[in-house]
Each structure stands twice: as C-alpha cells, then as structure tokens.
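In this text the structure is predicted, and so the values were computed from the model without any measurement.
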Amino acid sequence: MPAFPQTQKTLAAAAALAAALFPATEAATCPDAGTPDATAEAVRAAERKTRDAELLEIVRAQRETLAEIRDAKLSDLERSRRLAAVASRYENFLARFPDDARALVLCAKFLRDGGEDDAARERLEKAEKLRPDWAVVRQQLGAIAAERGDFAEAARRLREAVELEPGTAEYQTQLGEILRVFRAELLAAGVFADAGTLDAAMQNAFRAARALRPGALDEAVRYAESFYDVAEPDFAAALDAWTLAKNLAAAAPELGAADSDARKFVAETLELHRARAFAELGRFAEAEKILRAGADPRLKRSRGRVREILSEKTKNVSEKP
C-alpha cells in the first residue's frame, strides 16, 4: 500500500506530471467528411475522449486524496481506504487499456511515491516500449535507480531524458545532481573516462538548467555551488556565477520584503561566496572588504572559514620569491 511520507512534495509532483501528459495525444489526421474513414476516426476520437476523461478523473481523485492526507483530514483507516481505491482504479483502467502509456506512467508515479518501486519500474518499462520518445519515462526510471543506489543506471537514464528533452530544466538539474552525488562511484565504475569529463558533464547540466530558468535563484545558486564540486574549479567563472546569484537574490520575490531578514541573510551568504572567489583569484582587498562588512552572527563560522582561506592565499603570495 502506498505510504506517501512527503505528501506536499508528492502532490506537487503528481500535478506537474499530469499536466505534462495531458493533452499528450497526437493530433489525428482528419479524413474527408462522409467517408468510411471519417466515420471510423470519429468513433475513435469519441473513445479517446471518454478514456481521457476517465483517466483524468482518477488523477483528480488521487490529487484530492493526497491533499487531504497533507492537511491531516483523514483517519489512518480512511487514508488507507482512499489510497487503495486510487490504486484499484488505476489497475482497473490498465486492465481495460493495457497499452495506455500515460496511465502506465501516472500509475507508476503513484506507486513509486508510495514506496512500491518494483511495481512502478515494471509499468515504466512497459511504457518505455510503447513510447520510447517520452523523456519522463527515462527520468522516472532514473529516479528509481538512484533511490536504490544504482548510480550507473541512474546516470544513464537521466542522460537519456536530457537527450530527449534538453529544454527541460528539471531533467538537467536531476542529471547534475546524480553526477555530483555519485561522482566517486561513477569514476570507480569507469562510467566516465576521467574526473574532468564527469565534472564538465555535471557543470554543463547545471549551467543548462540555469540558462533554461534565467530568473530562478535556485538554479543560479546550484550552478555556482558546482564549482566547489569539481577537481579543478574555475574561480573566475565561479565569481561570475555567484555575482549573478547575488543580483537575482536582490529581486527574488520568495525572499520577501527588501529589508526582510531572509533577504539580508541570503545576500550576506552570497557575498561570502564571492569573497572566497576573490581570495582564490588573488584579489585580496576585495575579499577583505566583504569580510569586514559582514555582521550576521549566524554566519560567523562561514566568515571565519573564508578568512582562513584568505590568510592562506595571502601567505602563499608573500612567501613566493
């Protein structure tokens, strides 16, 4: 029985997946009116419409159930009953329409969110055979592989998803995270020829996600952070990335009012990252200026770490003949 421990996240993901799949049917070519072909096509169109309406109703019931679980409106018994009812409706639909790829994907996502990965993978693999051009299927299979620690398979699946839909920021970000989290394992398994090749692929994915969502602070920060994850960071490029993140944060609506505590904290945090980049680049006066301006007591340890780096870099320069 699906458990759904993170209902808020699950609800948002379910809504996004449903939106991506509807309408997902290809536009039918329309034969000349009055011909037998036209009549047959009209019948098929009516059947598709009825089937789509039924599947959308299952999705609606799923989202309603998840919302009520999120809001703690259901008893444990009612919760189990409602989840079982959704699962039963998916299975009933697939018994009648076993080759409906959308239903297979939606049912798989429902099962995966409930911890039933094996059943979810079985449905996704069938959907992949039916629709090998759907990136979402590869992405979901990659997520399952990552959760069970199969890093090589997760990377392969996410790379396939990106190849099919390079314009989807979510897939680019997930690929970057897979390459970052499983970096050592992927190198040990020989999935990448060397660290430089893997690091370039990881940063390319995060850079692509940032480019696809140019106004998004999260993507800007994640790309900037990626310079800490590579063997040979380009601190000039890192400084540019942190500066962009700083500029985005100044106007980010999610940080509240211009003088909000959250906005001030984020601004000072990003400035410390810029200070480190300045220190690494030998621009010591600019790094020092940022450190002197810092005031938030919550960032005392971070300021101390950047100051250690600055002192070390300054010492190295002074000791050079």
Is the shortest side-chain heavy-atom distance between [X] and [Y] below 4.5 Å?
| X | Y | value |
| --- | --- | --- |
| L281 | K313 | no |
| F265 | L299 | yes |
| L124 | L104 | no |
| Y90 | V59 | yes |
| E78 | S75 | yes |
| C107 | L94 | yes |
| T269 | D296 | no |
| P98 | K126 | yes |

(request) Report the residue from R102, R96, R89 that forms a salt bridge (charged side-chain N to carboxylate O under 4.0 Å, His left out) with E54. (result)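 It is R96, the one option of R102, R96, R89 that forms the salt bridge (charged side-chain N to carboxylate O under 4.0 Å, His left out) with E54.
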
(request) Tell me, with the steps shown, if R213 and E170 meet salt bridge (Lys or Arg N to Asp or Glu O under 4.0 Å). (result) CA-CA 10 Å; R213 298 188 63 201; E170 179 185 2; over 6 Å; no

Hey, does the side chain of [X] reach the backbone of [Y] with a donor-acceptor pair shorter than 3.5 angstrom?
| X | Y | answer |
| --- | --- | --- |
| T314 | L310 | yes |
| R274 | T243 | no |
| S80 | D76 | yes |
| T168 | Y171 | no |
| Q172 | P166 | yes |
| R263 | A250 | yes |
| N92 | S88 | no |

(request) Determine, stepwise, if the pair E47 / R51 fulfils salt bridge (Lys or Arg N to Asp or Glu O under 4.0 Å). (result) CA-CA 6 Å; E47 291 174 345; R51 185 177 63 189; over 6 Å; no

Let me check something: do [X] and [Y] share a hydrophobic cluster, defined by ILVMFWY side-chain heavy atoms less than 4.5 Å apart, either directly or through other members?
| X | Y | answer |
| --- | --- | --- |
| L164 | V162 | no |
| L198 | F182 | yes |
| F97 | L130 | no |
| L175 | L212 | no |
| F151 | L141 | yes |

(request) Kindly state each residue pair satisfying salt bridge (Lys or Arg N to Asp or Glu O under 4.0 Å) with at least one member in residues 178-204, sequence neighbours excluded. (result) E177-R180, R183-D199

Looking at [atom1] of [X] and [atom2] of [Y], how far apart are the two atoms once the value is rounded to the nearest 0.5 Å?
| X | Y | atom1 | atom2 | answer |
| --- | --- | --- | --- | --- |
| D100 | L106 | CG | CG | 8.5 Å |
| R207 | E219 | CZ | CD | 14.5 Å |
| R138 | D133 | CZ | CG | 8.5 Å |
| E268 | S302 | CD | OG | 9.5 Å |
| L56 | R63 | CG | CZ | 10.0 Å |

Nearest heavy-atom neighbours spanning [X] and [Y]:
| X | Y | answer |
| --- | --- | --- |
| L272 | I290 | N-CG2, 4.3 Å |
| A155 | L179 | CB-CD2, 4.2 Å |
| A249 | V266 | CB-CG1, 4.0 Å |
| V86 | T65 | CG2-OG1, 4.1 Å |
| A120 | I144 | CB-CD1, 4.0 Å |
| F227 | A241 | CE1-CB, 4.1 Å |

Between side-chain atoms of residues 231-238 and protein atoms elsewhere (two or more places apart, or another chain), which donor-acceptor pairs fall under 3.5 Å?
from: D234; atom 1: OD1; to: A236; atom 2: N; distance (Å): 3.2
from: D234; atom 1: OD1; to: A237; atom 2: N; distance (Å): 3.1

(message) Would L111 and D117 count as a side chain to side chain contact (heavy atoms under 4.5 Å, CB included) here? Give the steps.
(response) CA-CA 7 Å; L111 292 169; D117 284 359; over 6 Å; no

Would you call [X] and [Y] a salt bridge, taking side-chain N to carboxylate O under 4.0 Å as the test?
| X | Y | answer |
| --- | --- | --- |
| D113 | K109 | yes |
| K129 | E125 | no |
| E64 | R82 | yes |
| R307 | E288 | yes |

(request) Output, in order, the C-alpha distance, side-chain angles, deciding distance and verdict of side chain to side chain contact (heavy atoms under 4.5 Å, CB included) for I309 and E280. (result) CA-CA 8 Å; I309 293 171; E280 297 284 358; 3.7 Å; yes

(request) Check the angle between the aromatic planes of H273 and Y228 and answer parallel, tilted or perpendicular using the 30° and 60° thresholds. (result) tilted

(message) If you apply the rule salt bridge (Lys or Arg N to Asp or Glu O under 4.0 Å), what do you find for R148 with E153, and how did you get there?
(response) CA-CA 10 Å; R148 70 171 185 265; E153 175 70 1; 5.2 Å; no

(message) Would V221 and W242 count as a side chain to side chain contact (heavy atoms under 4.5 Å, CB included) here? Give the steps.
(response) CA-CA 7 Å; V221 169; W242 285 116; 4.2 Å; yes

(message) Atom CZ of residue position R121 - does it have more than 12 heavy atoms of other residues, nucleotides or ligands inside 6.0 Å?
(response)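 Buried by this count: over 12 neighbours within 6.0 Å.
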
(message) Quick check on R298: does its CZ atom have over 12 non-hydrogen neighbours (other residues, nucleotides or ligands) under 6.0 Å away?
(response) yes

(message) For the residue pair R222 and F206, would you count it as a cation-pi contact if the rule is NZ or CZ under 6.0 angstrom from the ring centre and within 45 degrees of the ring axis?
(response) yes

(request) Dump the intermediate steps for side chain to side chain contact (heavy atoms under 4.5 Å, CB included) on E160 and R156, then the final yes or no. (result) CA-CA 6 Å; E160 289 174 349; R156 181 176 76 86; 2.8 Å; yes

(request) Using the salt bridge (Lys or Arg N to Asp or Glu O under 4.0 Å) rule, take K289 and E286 through it: C-alpha gap first, then chi angles, then the decisive distance, then the call. (result) CA-CA 5 Å; K289 181 179 178 180; E286 290 159 290; over 6 Å; no

(message) Checking side-chain polar atoms at under 3.5 Å, does Q139 have a donor or acceptor matched by the opposite partner on R157?
(response)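 The answer is no; no qualifying pair exists.
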
